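One structure is given below, encoded as structure tokens.
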There are 2 protein chains.
Amino acid sequence: MIKIEIANALMQTLPVSKATALQVVDLLTDRMKKALLDGERIEIRGFGVFEPRPRKRGLGRNIKTGQSVEIPKGKSIRFKAGKDLRDIEVK
Amino acid sequence: MIKIEIANALMQTLPVSKATALQVVDLLTDRMKKALLDGERIEIRGFGVFEPRPRKRGLGRNIKTGQSVEIPKGKSIRFKAGKDLRDIEVK
DNA sequence: GCTTCCATGATCAAAATCGAAATCGCCAAT
DNA sequence: ATTGGCGATTTCGATTTTGATCATGGAAGC
């Protein structure tokens, strides 16, 4: 599923143009990105939680040289699936 | 950031009622949930990728008894942050 | 705005994943 | 059709993940 498909889903339910639907998707992802970059946590019950968290590991590896590489301090975004997405049965 | 705040962001940019804005958010999360539950991968460039993946581990723990608990086979949803969200500087 | 309801956080241990690097093919987005 | 983001690849060890249970605070309704 890609952006256009999400926009299509929106069009099928609400009376909006494709252009508007795409604007909506872009707007929401943009706002969420900004919030996460700002260190804010995003919680949408039933869907999941996005959470910026400090990166604790500090060692990586250079695939070419095989050398250990220092992983600079930073943060990573973690997504925790909500209840509805957690218990997925194997088909 | 919670659902209402996302809806507000939508209202601030597009001429929609709060009710409609909330509908939009619910609709999108619902569609995305369905896609993921259906085993579909969701890729939004610049934001991130949601991917259902088989759960490989089969052991959990009962917090009360401390006993190991068999975890039935299943899937879990993994979110991989896109480029814009990946390298977050430490403030 | 306030209240109710229910999803989420914490906890345990151990196995699995992540993280970085550089590069190319593939595909999402425009 | 063009652009450039994303997956995969390798290695190794520290971090994370994973479910059950209860209390709590966030989400939703009035």
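These values consider heavy atoms only, across backbone and side chains, with no hydrogens, waters or symmetry-generated copies. The structure presented is a predicted model; accordingly, all values stated were derived computationally and were not measured. So you know, we letter chains A, B, ... as the sequences are listed, proteins then strands, and number each from 1.
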Worksheet item: Which is true for Ile44(B) with a 4.0 Å heavy-atom rule: it touches a base, it touches only sugar-phosphate, or it touches nothing?
Response: sugar-phosphate
Worksheet item: Nearest-Å distance, CD1 (Ile2(A)) to P (dA28(C))?
Response: 5 Å
Worksheet item: Does the side chain of Leu22(A) reach to within under 4.5 Å of the side chain of Lys3(A), using non-hydrogen atoms?
Response: yes
Item to complete: May I have the distance from Glu51(A) (atom CD) to dG26(D) (atom P), rounded to whole angstrom?
Response: 12 Å
Worksheet, complete the sentence: Here the distance between atom P of dA28(D) and atom CD of Glu5(B), to the nearest Å, is 11 Å
Practice prompt. Would you tell me if any nitrogen or oxygen in the side chain of Arg78(B) comes within less than 4.0 Å of OP1 or OP2 on dT17(C)?
Written response: no
Worksheet, complete the sentence: Of Phe47(A) and Asp26(A), the one whose closest nucleotide on DNA chain C sits nearer the 5' end is Phe47(A)
Item to complete: For dT15(D), take OP1 and OP2 only and decide whether either is under 4.0 Å from a side-chain N or O of Arg53(A).
Response: no
Item to complete: From the options dT30(C), dG26(D), dA28(C), select the nucleotide whose nearest atom is closest to the side chain of Ile4(A).
Response: dT30(C)
Fill in: dC26(C) phosphate, OP1 or OP2, under 4.0 Å from Arg45(B) side-chain N/O
no
Worksheet item: Any side-chain N or O of Ser76(A) less than 4.0 Å from the OP1 or OP2 oxygen of dC18(C)?
Response: no
Worksheet item: Which whole-number value in Å describes the distance from Met1(B) CE to dG26(D) P?
Response: 16 Å
Worksheet item: In a check of side chain to side chain contact (heavy atoms under 4.5 Å, CB included) between Val24(B) and each of Val25(A), Val16(A), Leu10(A), which one passes?
Response: Leu10(A)
Worksheet item: In whole angstrom, what separates Ile6(B)'s CD1 from dG26(D)'s P?
Response: 16 Å
Discussion item. Over 60° means perpendicular and under 30° means parallel, so tell me whether Phe47(B) and Phe50(A) are parallel, tilted or perpendicular.
Written reply: perpendicular
Worksheet entry | Non-hydrogen side-chain atoms of Ser76(A) and Arg53(A) separated by less than 4.5 Å | yes
Worksheet item: Between Lys18(B) (NZ) and dG29(D) (C1'), how many Å, whole number?
Response: 13 Å
Item to complete: Determine the sole option in Asp38(B), Ile42(B), Leu36(B), Ile44(B) for which the side chain to side chain contact (heavy atoms under 4.5 Å, CB included) test with Met1(A) is passed.
Response: Ile42(B)
Worksheet item: With respect to the side chain of Lys80(B), which nucleotide from dG9(C), dG7(D), dT30(C) is positioned closest?
Response: dG7(D)
Item to complete: Examine dG5(D): is either OP1 or OP2 under 4.0 Å from a nitrogen or oxygen in the side chain of Lys83(B)? Give yes or no.
Response: yes
Discussion item. Whole angstroms only, please: what is the CD-P distance between Glu43(B) and dC27(C)?
Written reply: 10 Å
Practice prompt. Would you mind reading off the distance between Phe79(A) atom CZ and dT8(C) atom P, rounded to a whole angstrom?
Written response: 10 Å
